[in-house]
Every structure is written in C-alpha cells, then in structure tokens.
Amino acid sequence: MGDRSSRTKFKQIAAALHEMCQPLTTLQCSLEMAALTDTQEAYREAMEIGLSECRRLVASVESMREVLQEARQETGFEEMEAGG
Amino acid sequence: MNVLIVEDDSALGHFLDQGLKLDGHDVSVVTDGEAALESAARLRPELMILDLGLPRMDGIEVLAEMQQHFRSTSVLVLTGRAEMEERVKCLRLGADDVVMKPFSFHELRARLQALSRRRGQFADPVLRFGDLEMDRTQRRVTQAGCEVELTATEFTLLESLMRRRGERVCSRAELLREVWRMPLGAGAVAARTSRMDTNIVEVYINYLRKKLGRNSSAPRDASGVCHAVIRTVRGEGYLLDAPEERDLKAGTGNSPPDLTAIFALGGCVADV
C-alpha cells in the first residue's frame with residue numbers, strides 16, 4: 001500500500017472514529033441521566049435514544065470494516081482482519 | 001450558573017439540558033453557530049458549552065467571536081476530534097476547558113464545578129449597580145454612599161440579584177436554591193408542606209426593599225446615579241433595576257409603577 005493510499009485510509013478510519021464519538025456520548029449521557037432521575041419515563045427515553053444511537057454506531061463500525069477490508073486487499077495482510 | 005449549550009445533536013443537547021437543570025443551572029440550548037452568538041448577546045451566559053462541529057458557523061469561529069465580544073462568558077469546548085493540535089488551538093483561542101467525546105456526564109459536571117470555582121475566585125469582589133455597591137470581601141453594602149446594614153441572608157439575596165446586573169429576572173426557584181440552598185423544585189414541595197417556607201423569598205425581598213428604600217427617597221443622587229430598586233416581574237421573579245432617565249419623567253408610561261411608593265410601603269406588588 002503506497003503512502004498516499006495509507007494516508008487516505010488513515011483519514012477514513014479517523015473520520016469513522018470521529019463519527020462514533022457522538023453516538024457513544026449520547027448513549028452514555030442518556031443512560032447516566034436515566035440512572036440519575038430514576039423514573040420509568042427516563043428509562044424508556046434512554047432505551048429509545050440508546051437504540052437509535054446503537055444504529056449510528058453500527059453504521060460507523062460498518063464503514064471502518066470496509067476501510068480495513070480495502071486495506072487488507074491492497075496489502076494482502078490476512079492478519080489485518082482483527083479478531084479472527 | 002446561567003449556561004448556554006451549543007450542540008447540534010438534539011438528543012445529546014436534550015440530555016445535557018436535563019442533567020444541568022437537575023443540578024440547578026439555568027440552561028438554554030441552541031443548535032448552530034449563528035444562534036450561539038445571538039443567544040450569547042441576549043442572555044449573557046456565565047458559561048457556554050460549545051460543540052465544535054456545528055452548522056452555519058463552525059465552533060472554532062464561534063469561539064473566536066466569543067473571545068472578542070463576550071469575554072466574561074467561560075467557554076467549555078466539546079470535541080470529537082482527536083488531534084492534540086486542535087485542543088491546543090481551542091485553549092489558545094480562549095476556551096477555558098476542552099472535553100473530548102465520548103465523555104461521561106459526571107466528568108462534564110465536575111469540570112463545570114471547577115470552572116465555577118475559578119470564576120468565583122477571579123471575580124471582582126466589588127459588585128456595583130446603580131447607586132448600590134457591594135464589597136463581597138468586607139461583607140459591606142453601601143447605597144448612595146450610605147452604609148446599609150444587612151443580615152447574612154439579606155446579603156446573599158442582594159448578591160444574587162446584583163450578580164445579574166439588571167439584565168435578567170431572578171426566579172423564586174433560583175433564589176431558593178442560591179440563598180437558602182434548597183434543591184430545584186423545593187418551592188413546590190414547600191408549598192404543599194409549609195406556608196412559611198413558601199413565603200420566605202417574598203418576606204426577605206420585603207426586608208431588603210425596606211432597608212434599601214431608606215436611602216432612595218429621591219430617584220437619583222446628587223451625582224446623577226440612579227437608585228437601584230427591586231422590581232417584581234409578575235409570574236417570573238425579581239429584577240434589580242436602576243430606572244433610566246426617560247423612565248423617571250412623569251407620564252412617559254415606561255416607568256415601573258410607583259417604585260418609591262412600593263418602597264415606602266415596604267410592599268411586594270405581586271406573588272411570583
């Protein structure tokens with residue numbers, strides 16, 4: 001994989017990571033808020049928001065997977081497929 | 001504290017709003033950079049929580065504008081970008097703190113408390129409004145140069161009103177929290193349990209009005225400084241006001257009604 005291609009991949013992974021930060025923050029704050037207020041309504045709201053944020057996280061994970069898959073094909077490094 | 005949240009993610013903005021209100025802060029939320037500056041000009045918040053990735057105007061631009069026009073507002077930046085250079089840039093542009101996403105609300109809350117402590121530490125110990133002057137270090141209040149003797153509770157109550165400098169109405173709930181250390185919503189609880197607790201704000205406002213009224217029989221002093229008065233804003237709370245000259249002219253229709261008379265009676269004009 002050339003320098004230019006590496007840089008592009010690096011930027012794509014950085015962008016995907018950045019995309020993950022927002023839903024993770026919302027997820028964490030929504031759960032903390034439910035625990036703080038301790039009402040049925042707060043728990044239901046946290047669950048609804050949580051599921052929606054999980055969908056955003058899954059989308060970010062998918063885009064990171066695609067970038068890693070491309071990198072793996074370009075380099076031929078099978079071991080780059082994390083987790084086996 | 002009076003806090004302005006600038007966050008384009010509506011769910012996160014909602015939870016921060018909810019959490020900070022639980023802590024007793026007075027919170028407003030906007031979702032883009034231009035609205036952030038408009039609200040900063042209108043609300044004069046003590047603290048802005050600023051996300052960097054914003055529509056209409058980037059957070060970095062907002063930060064630069066805040067530093068130029070609203071230096072008295074502390075700014076805590078939220079960022080999902082990992083680069084150290086960006087955090088350094090924010091701090092150099094005037095941010096008081098930078099928090100990286102993802103973060104815990106508990107960490108954010110602790111950082112806000114630290115910022116609040118620092119604001120208190122570096123704040124001017126002397127508050128001035130109209131003909132009132134309060135030296136918070138010496139615990140001394142003067143009105144038109146005459147010393148006003150206040151109890152500890154009256155002093156704290158007047159401080160709460162003076163900190164808002166006539167720019168914002170102070171609600172009864174805010175005063176219960178700031179002066180009597182009651183948690184948010186305590187007024188409603190007290191209303192169900194004790195009439196005395198419910199009236200405590202009104203009673204002390206009246207004490208203050210009587211004490212301040214002794215030095216304000218004329219609308220302004222010899223040097224032309226307007227006398228500060230406590231106005232009741234029906235349904236909202238109390239406002240420390242120093243009427244402008246135009247308001248003092250009889251029959252303009254802009255004047256707060258019979259403020260001197262209110263003082264003379266030591267009276268509260270409405271329940272809040």
Side-chain angles (χ1 to χ4, degrees), chain A residues 3-68 71 80 82-83, chain B residues 3 5-25 27 29 31-32 49-55 58-60 76-87 90 97-113 183-185 188:
Chain A
D3 278 356
R4 192 169 177 177
S5 175
S6 297
R7 269 200 299 275
T8 308
K9 294 282 177 291
F10 178 79
K11 280 183 183 170
Q12 286 172 329
I13 290 175
L17 263 174
H18 177 241
E19 284 301 310
M20 292 174 85
C21 289
Q22 188 75 25
L24 265 177
T25 309
T26 307
L27 185 59
Q28 183 160 356
C29 286
S30 69
L31 294 172
E32 286 171 342
M33 214 49 63
L36 272 175
T37 45
D38 197 23
T39 62
Q40 201 175 347
E41 190 190 347
Y43 285 119
R44 186 167 34 244
E45 188 179 32
M47 197 177 70
E48 283 167 13
I49 297 279
L51 285 170
S52 148
E53 299 309 305
C54 281
R55 283 193 284 274
R56 286 172 70 185
L57 282 167
V58 169
S60 298
V61 169
E62 285 302 324
S63 76
M64 278 181 85
R65 253 197 205 130
E66 280 170 25
V67 176
L68 284 171
M80 281 189 75
Chain B
V3 183
I5 297 172
V6 190
E7 170 59 66
D8 65 327
D9 184 296
S10 58
L12 182 57
H14 164 71
F15 286 116
L16 294 181
D17 176 43
Q18 201 179 36
L20 295 180
K21 278 180 178 159
L22 271 179
D23 278 351
H25 296 290
V27 188
V29 185
T31 54
D32 67 71
I49 297 176
L50 175 66
D51 183 35
L52 284 190
L54 291 172
D58 188 68
I60 291 283
L76 182 147
V77 168
L78 303 178
T79 178
R81 301 166 193 165
E83 296 81 12
M84 180 267 288
E85 290 80 2
E86 185 172 78
R87 299 200 293 278
C90 288
D97 201 355
V98 181
V99 176
M100 273 187 69
K101 291 178 181 174
F103 58 82
S104 157
F105 176 73
H106 300 295
E107 183 191 352
L108 184 75
R109 175 197 249 174
R111 286 178 183 272
L112 293 185
Q113 283 164 351
L184 206 67

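Chain A is the first sequence line, chain B the second, and so forth, proteins listed ahead of strands; every chain is numbered from 1.
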Q: Report the C-alpha distance between A:Glu53 and A:Gln28 in whole Å, list the side-chain angles of each, state the deciding distance to 0.1 Å, and finish with yes or no for side-chain hydrogen bond (donor to acceptor under 3.5 Å, both in side chains).
A: CA-CA 10 Å; A:Glu53 299 309 305; A:Gln28 183 160 356; over 6 Å; no
Q) Under a 4.5 Å heavy-atom cut-off, does chain A meet the side chain of B:Glu107, its backbone, both or neither? A) neither
Q | Spacing of OG1 belonging to A:Thr8 relative to CD1 belonging to A:Ile13, to within rounding of 0.5 Å | A | 11.0 Å
Q: Determine, for B:Asp9 against B:Lys101, whether the closest basic-nitrogen to carboxylate-oxygen distance falls under 4.0 angstrom.
A: no
Q.
If I measure from the heavy atoms of chain B, does A:Ile49 come under 4.5 Å with its side chain, its backbone, both, or neither?
A. side chain
Q. Charged N to carboxylate O under 4.0 angstrom, A:Arg44 versus A:Glu41?
A. no
Q) So which part of B:His106 gets closer than 4.5 Å to some heavy atom of chain A, the side chain, the backbone, both or neither? A) both
